[in-house]
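Proteins come first, then strands; the chains are lettered A, B, ... in the order of their sequence lines, and each starts at number 1.
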Protein chains: 2
Amino acid sequence: MATTRDVRDEDLLRLDRQVCFSVHAASRAFNGVYREPLKELRLTYPQYLVMLVLWEHDELAVKRLGALLRLDSGTLSPLLKRLEAVGYVERRRSAEDERSVVVRPTEAGRELRAQALEVPRRIAAATGLTLDEFHELRERLDTLTRALDSAGER
Amino acid sequence: MATTRDVRDEDLLRLDRQVCFSVHAASRAFNGVYREPLKELRLTYPQYLVMLVLWEHDELAVKRLGALLRLDSGTLSPLLKRLEAVGYVERRRSAEDERSVVVRPTEAGRELRAQALEVPRRIAAATGLTLDEFHELRERLDTLTRALDSAGER
DNA sequence: GGCAATTTAGTTGTGCACAACTGAATTGTG
DNA sequence: CACAATTCAGTTGTGCACAACTAAATTGCC
């Protein structure tokens, strides 16, 4: 039963380099394969994430969107402004609570969904990963993220 | 044996949202837990990656560093300039090839390594992941990255 | 009711990722 | 040798992540 105490410092640092690099590289590689398909939709990867969530919920406060995507207003505000500029979403202050801003897809934004259906098919085809592998990958990453998030709270 | 053809469009789009989000979130969570420990070293996460590689190789051309980390000069040039500004690395034009710039840790940069040894220990302790789990995670991510990279070349 | 604390979106500033480009040095080829 | 193609670091511009902050609206408490 090997623990970190059994390992020499240099080996630990090497492993850290490997893991850090792997996570970092995987994230950018993921971003990379989506870039081309999404360019046709005039979306960036984070904008695609936002649209995916909006297609599922139709209408969301910025606050709630940020909670779902774990992004704060510093990231979302300009991103949403750009999505509004290309005409995919509209924003309006909530009538009930003037602090809150509600985001919803425009007609163009809703029509975009049909085109977006091609994106995961292209990714799936390109990666050669099966559905089961996608599910398993997702679960592992989520487990990791939960561990990291809870670690960060100390 | 389920393939993507057996799945309805909306389910596929939902899964894509989940996987995209998971990868994105894991990367940022990883970044997040390293942020505090690295702040004490006056390093960002990508700067830490660069220093880890430099500690292993001692002296590297920018080109080679970029190949190892899969980063281009547009990312590395300003990052290395900042590392030079805090005194951790020095850059000089290669004598043999004036196009090339060689980067190496300064004395302060080499001394930083001793402090950096604490970082992976803290991460390991905080996440509760075992060495085996780290290794397995790394292998899965690398497999994924290879699949994504080869997919992007088409 | 009045006022402090909280909530919410937005702004500012720093750093990274990446595409597209520049300019200088080197290499290959006739 | 000459010169076109290539290589290399760097710059510019756009977009995202995040910390720290602002301003306005709401809520809670007396």
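- At whole-Å resolution of the value, CZ in Arg99(B) and C1' in dT7(D) are 4 Å apart.
- Contacts of Leu76(A) with the nucleic acid, taken as non-hydrogen atoms under 4.0 Å apart, are absent.
- When rounded to the nearest whole Å, the span between CZ of Arg92(B) and C1' of dA25(C) equals 17 Å.
- Base engagement by Ser73(B) is indicated by at least one non-hydrogen atom pair under 4.0 Å involving a base atom.
- Between the C1' atom of dT14(C) and the CG atom of Leu79(B) lies a distance of 13 Å, rounded to the nearest Å.
- Here dT11(D) presents its P atom at 4 Å from NZ of Lys81(B), a figure rounded to the nearest Å.
- Although no hydrogens or angles enter the test, the distance criterion places a donor-acceptor pair under 3.5 Å between the side chain of Asp72(A) and the main chain of Thr75(A).
- Heavy atoms of Arg91(A) sit under 4.0 angstrom from primed sugar atoms or phosphate atoms, though from no base atom.
- Contact annotation: Arg35(A) side-chain N/O to dA19(C) OP1/OP2 distance is under 4.0 Å.
- Rounded to whole angstrom, the span from the CD atom of Glu36(A) across to the P atom of dC18(C) amounts to 13 Å.
- Connection of Leu144(B) to Phe30(B) is established within a shared hydrophobic cluster, with ILVMFWY side chains joined at heavy-atom distances below 4.5 Å, either directly or through further cluster members.
- Thr44(A) comes within contact range of the sugar-phosphate backbone alone, with a heavy-atom separation under 4.0 Å but no base atom that close.
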